Amino acid sequence: MVDGPIEAQLMDMENQYWQAIKNRDVQAALRLTDDPCIVTGAQGVARIPRQAFAGMLQAGGWTFHEFTLSDMQVRVLSEDVAIVAYRVNELLTVDGKSITIDAADSSTWVRRDGQWMCALHTEALLGDPFGRDKQPAAKKI
């Protein structure tokens, strides 16, 4: 849903962010990331400083093949704060196995010195809201 130029710019920034992660383009990703950035998802909540974020992008064990963002919604809260929410489909290889992820994501963008930066990113895997479609993790012995 695009209401105006700020909304279009933010949707483009979100796409740039995903492309930077896919390409492991650390400089582009850091240019778009607030310091620190808070991230929430299946692993919990983390406050990630710039250096740690750069290390995560360079870590092995995964290859990001493609992504598709859809159903994008943008809400401008002030001239310097906005929220972008959408569905994402991701195709990756993790630990040698091909996986597809369908999720609902959101980012909170803040404008600092004229530059939009992601201050918060959330990802919720799609599925049953009560988790009935998830298998419990195997117990470690």
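Owing to the predicted nature of the structure, the values given are computational and were not obtained by experimental measurement. Each residue takes its place number in the sequence, starting with 1.
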- request: Report the residues that fulfil salt bridge (charged side-chain N to carboxylate O under 4.0 Å, His left out) with D105, sequence neighbours left out, ordered by chain and then residue number.
  value: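 With neighbours one apart ignored, the set is empty.
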
Looking at [Y], is its backbone amide N or carbonyl O close enough to the side chain of [X] to form a donor-acceptor pair, meaning the two atoms are under 3.5 Å apart?
X	Y	result
R50	T33	yes
R24	A59	yes
N89	D102	no

Reported OG1-to-NE2 distance for the pair T100 and H65, which is rounded to 0.5 angstrom: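 One gets 9.5 Å once the value is rounded to the nearest 0.5 Å.
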
query: What distance do L32 atom CG and W116 atom CH2 have between them, rounded to the nearest 0.5 Å?
result: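 Going from CG on L32 over to CH2 on W116, the span is 12.5 Å.
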
- prompt: Using a side-chain heavy atom cutoff under 4.5 Å and only I, L, V, M, F, W and Y, what cluster partners does V45 have?
  reply: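 Direct or chained contacts put V45 with I38, L120.
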
Hydrophobic cluster partners of V81 (side-chain heavy atoms under 4.5 Å):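 Its cluster mates, by chain and number, are L77, I83, V110.
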
- prompt: Do the side-chain N and O atoms of S106 and Y86 include a donor-acceptor pair separated by under 3.5 angstrom?
  reply: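 No, no side-chain donor-acceptor contact under 3.5 Å.
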
- request: State, without any angle test, whether W109 and E14 hold a side-chain donor-acceptor pair at a distance under 3.5 Å.
  value: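 Per modelled atom types, W109 and E14 side chains form a pair under 3.5 Å.
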
- request: Verify the neighbour count for atom CD of Q51: are there more than 12 heavy atoms of other residues, nucleotides or ligands below 6.0 Å?
  value: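 Check fails, neighbour count at 12 or below.
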
- prompt: Is R75 atom CZ crowded by more than 12 heavy atoms from other residues, nucleotides or ligands, each under 6.0 Å away?
  reply: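 No, not enclosed.
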
